[in-house]
Amino acid sequence: MKATLLFPDREIVERYYVPLIYTACRTCYSELEPEEIFRRAVAGEVATEKQQKLIAGVIESGHGSTIEHIVFTFGISGVSRTLSHQLVRHRAGVAFDQQSQRYVKYKGASTMTPASIAEADPALRERYEQQVAGALELYGELVEAGIPGEDARFVFPNATRTNLVMTTNLRALIHMSGLRLCTMAQWEIRRLFQLIRHEVFTVSPFLGSFLAPKCVPLGYCDEMNNRDGHCPIRPHKDVVLAAWSEKARAGRQGGTGGTVAERGPQAR
Ligand SMILES: Cc1cc2nc3c(=O)[nH]c(=O)nc-3n(C[C@H](O)[C@H](O)[C@H](O)COP(=O)(O)OP(=O)(O)OC[C@H]3O[C@@H](n4cnc5c(N)ncnc54)[C@H](O)[C@@H]3O)c2cc1C
């Protein structure tokens, strides 16, 4: 599997991306015209740290439109159709183009074997490999017999590899990474987003730092399947809410007062 950042390169990101987001953020609170804010930011008249501080605060506050102004385009290759089906479920702020199984006549369509099957009982693995190879062989025979590719492809397994181009704005990329870097995500798409995060880090450690499992900015895990706490990245929200309510109850019993947030909403 490969994920390559096709556009922009490091120079463009360093020179324009942070100033562009900064301009979007600053325009909301400034008398200056966007053109002048952008000029000052690009010229270095506003320290990069100052720009980054404002941007980080705005992202943490969830004012997401400010980061829709910048986009990243990735070339993604050698992933399974299982992965691509999940990836293209994302709709907002993201565009895809995918290798066509109608127009590409696969001479030797390549497939992949998940590690769990590769490491399974050799007899079972062999049956998997035979099944997949058999499907590809039948595809070749169908095409040879004049069946159109768009119909012959019906025999392709989910293991078939594919290539895509994905362009996404930063807001959508943070959202997708939040879901797909989560340990509950399927291993292959999780691996893809680890590669994507690496690519963004390479051109901007600052922007790359926002690509994280969703529990990291949230501060807790909201996945039903982690109620047993087997993923330790953040405590499950049930645990957090129970601790919060216990603290509020103890505060009420002790008559210590505290803030409304500490006492809980029923104290209002
Ligand atoms: C661990 C995991 C397991 C999954 N399991 C399944 C499964 O079993 N079956 C299945 O079908 N899918 C499954 N999915 C896919 C999931 O349901 C979503 O379709 C997918 O993650 C796309 O995310 P999104 O809905 O946030 O869409 P995006 O397009 O990424 O949208 C981003 C955000 O924009 C907003 N938005 C986008 N479109 C609309 C709209 N039309 N109306 C209102 N708001 C909108 C929402 O706030 C949304 O969160 C799974 C996903 C994950 C991460």
Side-chain angles (χ1 to χ4, degrees), residues 1-18 20-21 55 59 64 67-101 103-104 106 108-119 132 153 156-217 223 231 233:
M1 174 198 302
K2 271 201 312 188
T4 309
L5 181 60
L6 302 179
F7 181 87
D9 62 15
R10 191 185 179 112
E11 203 184 327
I12 293 173
V13 173
E14 280 181 352
R15 191 163 160 76
Y16 298 113
Y17 268 25
V18 167
L20 200 51
I21 309 174
I55 292 168
I59 293 178
I67 50 171
E68 289 175 19
H69 299 285
I70 61 162
V71 295
F72 295 91
T73 300
F74 301 92
I76 298 168
S77 53
V79 297
S80 73
R81 277 259 165 178
T82 306
L83 181 149
S84 69
H85 184 75
Q86 298 174 76
L87 187 61
V88 301
R89 292 290 303 280
H90 292 285
R91 305 149 289 170
V94 58
F96 300 101
D97 282 287
Q98 181 167 14
Q99 185 183 50
S100 167
Q101 288 186 336
Y103 301 118
V104 176
Y106 294 91
S110 61
T111 57
M112 60 180 300
T113 306
S116 62
I117 298 177
E119 290 158 12
V132 169
R153 66 174 164 167
F156 277 153
N158 273 334
T160 312
R161 290 183 194 262
T162 186
N163 304 329
L164 305 98
V165 171
M166 174 177 85
T167 298
T168 165
N169 67 47
L170 182 59
R171 183 183 197 172
L173 187 57
I174 291 174
H175 172 76
M176 289 191 286
S177 301
L179 292 173
R180 305 303 183 175
L181 288 171
C182 167
T183 57
M184 302 295 141
Q186 184 248 356
W187 65 267
E188 191 189 7
I189 198 162
R190 193 162 171 238
R191 177 77 192 123
L192 173 68
F193 276 85
Q194 286 165 349
L195 295 177
I196 285 175
R197 178 175 56 183
H198 177 266
E199 286 291 287
V200 176
F201 249 98
T202 307
V203 294
S204 172
F206 171 67
L207 296 177
S209 71
F210 294 102
L211 308 184
K214 62 185 166 152
C215 65
V216 171
E223 281 289 336
C231 173
I233 299 178

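Here the structure is a predicted model, which means the values were calculated and not measured.
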Please list, one pair per line, the donor and acceptor atoms closer than 3.5 Å that link side chains of residues 94-101 to other protein atoms, with sequence neighbours excluded.
| unit_1 | atom_1 | unit_2 | atom_2 | d |
| --- | --- | --- | --- | --- |
| Q98 | NE2 | S84 | OG | 3.0 |
| Q98 | NE2 | T162 | OG1 | 3.1 |
| Q99 | OE1 | Y106 | OH | 3.1 |
| S100 | OG | R102 | N | 2.9 |
| S100 | OG | Y103 | N | 3.0 |

Between [X] and [Y], is any pair of side-chain heavy atoms under 4.5 Å apart?
X    : Y    : value
T202 : L5   : no
Y16  : I70  : no
M166 : I196 : yes
T113 : V132 : no
V79  : L87  : no

Using the side chain to side chain donor-acceptor pair (under 3.5 Å) criterion, which residues pair with [X]? Sequence neighbours excluded.
X    : answer
R171 : E68
T167 : T73
S80  : E188

Worksheet item: For the side chain of R161 and the backbone of T111, is there at least one donor-acceptor N/O pair under 3.5 Å apart?
Response: yes
Please report the closest heavy-atom contact between [X] and [Y], naming both atoms and the distance.
X    : Y    : answer
I59  : I174 : CG2-CD1, 4.4 Å
C215 : I233 : SG-CG2, 3.6 Å
A3   : L192 : CB-CD1, 3.9 Å
A172 : A92  : CB-O, 3.3 Å

Got a second to check how far [X]'s [atom1] is from [Y]'s [atom2], nearest 0.5 Å?
X    : Y    : atom1 : atom2 : answer
R89  : I189 : CZ    : CD1   : 10.5 Å
L181 : L211 : CG    : CG    : 7.5 Å
T168 : H175 : OG1   : NE2   : 10.0 Å

Practice prompt. For residues 199-215, pull every pair meeting salt bridge (charged side-chain N to carboxylate O under 4.0 Å, His left out), keeping only residues two or more places apart or in separate chains.
Written response: K214-D222, K214-E223
Worksheet item: Who pairs with R81 by salt bridge (charged side-chain N to carboxylate O under 4.0 Å, His left out), at least two apart in sequence or on another chain?
Response: none
Worksheet entry | R10: salt bridge (charged side-chain N to carboxylate O under 4.0 Å, His left out) partners, not counting sequence neighbours | E14
Practice prompt. Mind jotting down which residue pairs meet the side-chain hydrogen bond (donor to acceptor under 3.5 Å, both in side chains) criterion with at least one end in residues 177-186? Sequence neighbours excluded, please.
Written response: Q86-Q186, H90-R180
Item to complete: Using side chain to side chain contact (heavy atoms under 4.5 Å, CB included) as the criterion, list what pairs up with A212, not counting sequence neighbours.
Response: V216
Worksheet item: Looking at residues at least two apart in the chain, or sitting in another chain, which of them share a side chain to side chain contact (heavy atoms under 4.5 Å, CB included) with P114?
Response: S116, I117, Y128, W187
Fill in: Listed partners of F193 passing ring-ring contact (aromatic ring centres under 6.0 Å, His included), at least two apart
none
Fill in: Any residue meeting ring-ring contact (aromatic ring centres under 6.0 Å, His included) with F74, in chain and number order, not counting sequence neighbours
none
Worksheet item: Can you check side chain to side chain contact (heavy atoms under 4.5 Å, CB included) on L83 and M1, steps first, answer last?
Response: CA-CA 11 Å; L83 181 149; M1 174 198 302; 4.2 Å; yes
Worksheet item: Going through the checks in order, is the side chain to side chain contact (heavy atoms under 4.5 Å, CB included) test met by L207 and F72?
Response: CA-CA 11 Å; L207 296 177; F72 295 91; 4.2 Å; yes
Discussion item. Atom NE2 of residue position H69 - does it have more than 12 heavy atoms of other residues, nucleotides or ligands inside 6.0 Å?
Written reply: yes
Worksheet item: Less than 6.0 Å separating the ring centroids of F206 and Y17?
Response: no
